[in-house]
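Scroll down for the structure; my scribbles are underneath it.
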Amino acid sequence: MEKLKELLLIPGISGYENKVIEFLKKEFSNLKYKYTRDNLGSIIFTKDNSNKDSNLKRIVIDAHIDEVGFLITELNENGTVVIESVGGLNLKLMQGQVFEVWDTNFENYNLAILTFPNQQEKDLDLTKAILDLGFRSKKDLLSSNIKIGSSVTFPSFYQENKDSILSKSIDNRLGAFIALNLAKKLNERDLNFNINFVFSVQEEVGLRGSRTAVYDLNPDLVIVVDISPSYELEGKSSPYGLLGQGTMLRHKDVYTIYKKDVVIFLRNLFDESKIKYQNYFSFGGTNAGIIQLIKDGILVIPFGLVARNIHTSLAIVDKKDLEETEKGLEILINKIDQNLKTKGILLN
């Protein structure tokens, strides 16, 4: 899991994903893929295919690579800073947390603690919060190459136990890791369709990157790989995400009601292949929400697993859920490939 650990610990909030991009370029460098980048910053890897039939279907695997965090908006004379959130964050969980404040080159960071002086928990206001780096003056900040617009990320925590992986940025670097592993497995195969792997930017601030990355590809199907919140610690049970209950069979979220034939197809596939899965409804959303609205509509399939404590310094996923998700995604690709070869259709 060293490769996963490396990917999870790369700093890269929305709009600042270049270090993640460089990691992916290195991982794909010896594979049979060519890459392009769009103007928003997403990177698209296209697999070479010896079958040059212009009528081949096109399938995209999408996984966003940005994480939530903060940007510095003001440098105070006393050496503290003011910040603005990037992505959805629960401020009640942020109070008293440690963060990494990066210099403008993303080479070094300083630790800091987030405080909400003289504020009641029910009325927390981020604009009045203080990020304290232990400095004494604005000069100290500037000498550390910390400026307005510098990034603030969760600390580089990572740990495994026999059941779980605990880390920052599990949403959605783990999804990117799943997509990367699939790309490696498909490297030597000729498929009965064209395939692109899109590692999209800025999902956490409005599903932006996937819209531009997918638009020109004009695919017949997009499989969106993402990590979604488990609500079990809030007292909810199935179908709101439980660790250890398998990969997700996603029915609905705030942006998408998934087509019934897609849900039935996945359920039948999981049952036939003995993939452990759980029905899932979400109060959040994924890139599927914007992809389905591109042009005259694009068919989307959701894929992924749930995590506890999402958008914090220690999100937690179940190792067996990860195993079932990776296995299920490969089986899905094989099923589509077989369908296109024998029936000329994506799903049945």
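Here the structure is a predicted model, which means the values were calculated and not measured.
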Inset, instruction - Classify the side-chain pair Y258/D253 by whether it contains a donor and acceptor separated by less than 3.5 Å. - result: yes
Inset, instruction - Give a yes or no on whether the backbone of T153 and the side-chain of E100 come within a donor-acceptor separation of less than 3.5 Å. - result: no
Legend entry - Test item: I301 and V224 side chains (from C-beta on) under 4.5 Å apart, heavy atoms: no
Inset, instruction - Measure from the side-chain N and O atoms of E232 to the backbone N and O of S230, and report whether any donor-acceptor pair falls under 3.5 Å. - result: no
Legend entry - Under-4.0 Å salt bridge between E203 and R208: no
Legend entry - Side chains of T325 and T247, donor plus acceptor under 3.5 Å: yes
Legend entry - Linked, directly or transitively: L332 and I195 (ILVMFWY side chains, under 4.5 Å): yes
Legend entry - Same apolar cluster: L166 and L7, side chain cutoff 4.5 Å: no
Inset, instruction - Would you name the heavy atoms of P117 and K128 that are closest together and state the gap between them? - result: CD-O, 4.0 Å
Legend entry - Connected via hydrophobic side-chain network under 4.5 Å: V86 and F154: no
Legend entry - Interatomic distance, S169 atom OG to L8 atom CG [nearest 0.5 angstrom]: 4.5 Å
Inset, instruction - Tell me whether V82 is reachable from L75 by hopping between hydrophobic residues (I, L, V, M, F, W, Y) whose side-chain heavy atoms are closer than 4.5 Å. - result: no
Inset, instruction - Would you please test E27 and K184 for side chain to side chain contact (heavy atoms under 4.5 Å, CB included) and show each step? - result: CA-CA 9 Å; E27 289 298 304; K184 291 178 177 179; 2.8 Å; yes
Legend entry - Side-chain heavy atoms of L4 within contact of L174, under 4.5 Å: yes
Legend entry - I61 vs L182 side-chain heavy atoms within contact, under 4.5 Å: yes
Inset, instruction - Keeping the roles fixed (side chain from N187, backbone from K32), state whether a donor-acceptor pair exists under 3.5 Å. - result: yes
Legend entry - Contact list for residues 107-137, test ring pair (Phe, Tyr, Trp, His ring centres under 6.0 Å), sequence neighbours left out: W102-Y109
Inset, instruction - Give a yes or no answer on whether the side chain of D337 reaches the backbone of N192 with a donor-acceptor pair at less than 3.5 Å. - result: yes
Inset, instruction - Over 60° means perpendicular and under 30° means parallel, so classify the ring planes of F45 and F28, tilted if in between. - result: parallel
Inset, instruction - Take D171 and H311, measure what side chain to side chain donor-acceptor pair (under 3.5 Å) needs, and give me the verdict at the end. - result: CA-CA 7 Å; D171 174 19; H311 290 190; 2.9 Å; yes
Legend entry - Test side-chain contact (heavy atoms from CB on, under 4.5 Å) applied to N194 and N49, I59, D53, the passing residue: N49
Inset, instruction - Report yes if the side chains of S282 and R250 come closer than 4.5 Å at any heavy-atom pair, otherwise no. - result: yes
Inset, instruction - For R58 and N218, run side chain to side chain donor-acceptor pair (under 3.5 Å): C-alpha distance rounded to whole Å, both residues' side-chain angles, the deciding distance at 0.1 Å, then the answer. - result: CA-CA 8 Å; R58 181 170 300 280; N218 199 26; over 6 Å; no
Inset, instruction - State which residues pass salt bridge (Lys or Arg N to Asp or Glu O under 4.0 Å) with E272; sequence neighbours excluded, sorted by chain then number. - result: none
Inset, instruction - Show your reasoning for whether side chain to side chain contact (heavy atoms under 4.5 Å, CB included) applies to V262 and L299. - result: CA-CA 9 Å; V262 168; L299 181 65; 3.7 Å; yes
Legend entry - Lys/Arg-Asp/Glu bridge criterion (N-O < 4.0 Å) met for E77, K138: yes
Inset, instruction - Ignoring hydrogens and angles, state whether a donor on the side chain of H251 or N279 is under 3.5 Å from an acceptor on the partner side chain. - result: yes
Inset, instruction - Answer yes if the side chains of S210 and N287 hold a donor-acceptor pair under 3.5 Å, and no otherwise. - result: yes
Inset, instruction - Determine whether more than 12 heavy atoms belonging to other residues, nucleotides or ligands lie under 6.0 Å from atom CZ of R136. - result: no
Legend entry - Salt-bridge present (D103, K147; N to O < 4.0 Å): no
Legend entry - Other residues, nucleotides, ligands: >12 heavy atoms within 6.0 Å of Y35 OH: no
Legend entry - Lys NZ or Arg CZ of K3 over F177 ring: under 6.0 Å, within 45°: no
Inset, instruction - Give me the one residue out of I291, L221, N196, I298 that meets side-chain contact (heavy atoms from CB on, under 4.5 Å) with V60. - result: N196
Inset, instruction - Check the pair D271 / Y277 against side chain to side chain donor-acceptor pair (under 3.5 Å), numbers first and verdict last. - result: CA-CA 9 Å; D271 286 338; Y277 68 93; 3.1 Å; yes
Inset, instruction - Test side chain to side chain contact (heavy atoms under 4.5 Å, CB included) on M1 and L322 and set out the steps. - result: CA-CA 12 Å; M1 289 290 194; L322 173 58; 4.0 Å; yes
Inset, instruction - Report yes or no: do L180 and V317 belong to one cluster of Ile/Leu/Val/Met/Phe/Trp/Tyr joined by side chain heavy-atom distances under 4.5 Å? - result: yes
Legend entry - Side-chain (S143) to main-chain (K139) donor-acceptor, under 3.5 angstrom: yes
Legend entry - pair E67-E17: side-chain heavy atoms closer than 4.5 Å: no
Inset, instruction - Give a yes or no on this: more than 12 heavy atoms of other residues, nucleotides or ligands lie within 6.0 Å of atom NZ of K185. - result: yes
Inset, instruction - Please answer whether the main-chain N or O of I316 pairs with a side-chain N or O of R308 as donor and acceptor at a distance below 3.5 Å. - result: no
Legend entry - Value rounded to 0.5 Å, distance of CZ in F199 from CG in L24: 5.0 Å
Inset, instruction - Give a yes or no on whether a salt bridge exists between K5 and E160, defined as a side-chain N under 4.0 angstrom from a carboxylate O. - result: no
Inset, instruction - Check the pair K19 / E22 against salt bridge (charged side-chain N to carboxylate O under 4.0 Å, His left out), numbers first and verdict last. - result: CA-CA 5 Å; K19 278 190 170 291; E22 291 306 310; over 6 Å; no
Inset, instruction - Answer yes or no: is there an ion pair linking K320 with E323, defined by an N-O contact shorter than 4.0 Å? - result: no
Legend entry - Value rounded to 0.5 Å, distance of CG in L126 from CG in L114: 6.5 Å
Legend entry - Side-chain donor-acceptor pair present, S167, R173, cut-off under 3.5 Å: no
Legend entry - Within 6.0 Å of CD in Q120, more than 12 heavy atoms from elsewhere: no
Inset, instruction - Applying ring pair (Phe, Tyr, Trp, His ring centres under 6.0 Å), name anything that partners Y240, two or more places apart in sequence or on another chain. - result: F283
Inset, instruction - Kindly indicate, with the supporting measurements, whether the criterion side chain to side chain contact (heavy atoms under 4.5 Å, CB included) is fulfilled by F70 and M94. - result: CA-CA 11 Å; F70 302 94; M94 300 301 107; 4.3 Å; yes
Inset, instruction - Measure from the side-chain N and O atoms of S137 to the backbone N and O of N78, and report whether any donor-acceptor pair falls under 3.5 Å. - result: no
Inset, instruction - Go through the steps for D321 and Q245 under the test side chain to side chain donor-acceptor pair (under 3.5 Å), then give the verdict. - result: CA-CA 7 Å; D321 291 348; Q245 297 305 305; over 6 Å; no
Inset, instruction - Without swapping roles, check the side chain of N309 against the backbone of T312 for a donor-acceptor pair under 3.5 Å. - result: no
Legend entry - K47 (side chain) donor-acceptor with R189 (main chain) under 3.5 angstrom: yes
Legend entry - Test item: D132 side-chain N/O and A112 main-chain N/O as donor-acceptor pair under 3.5 Å: no
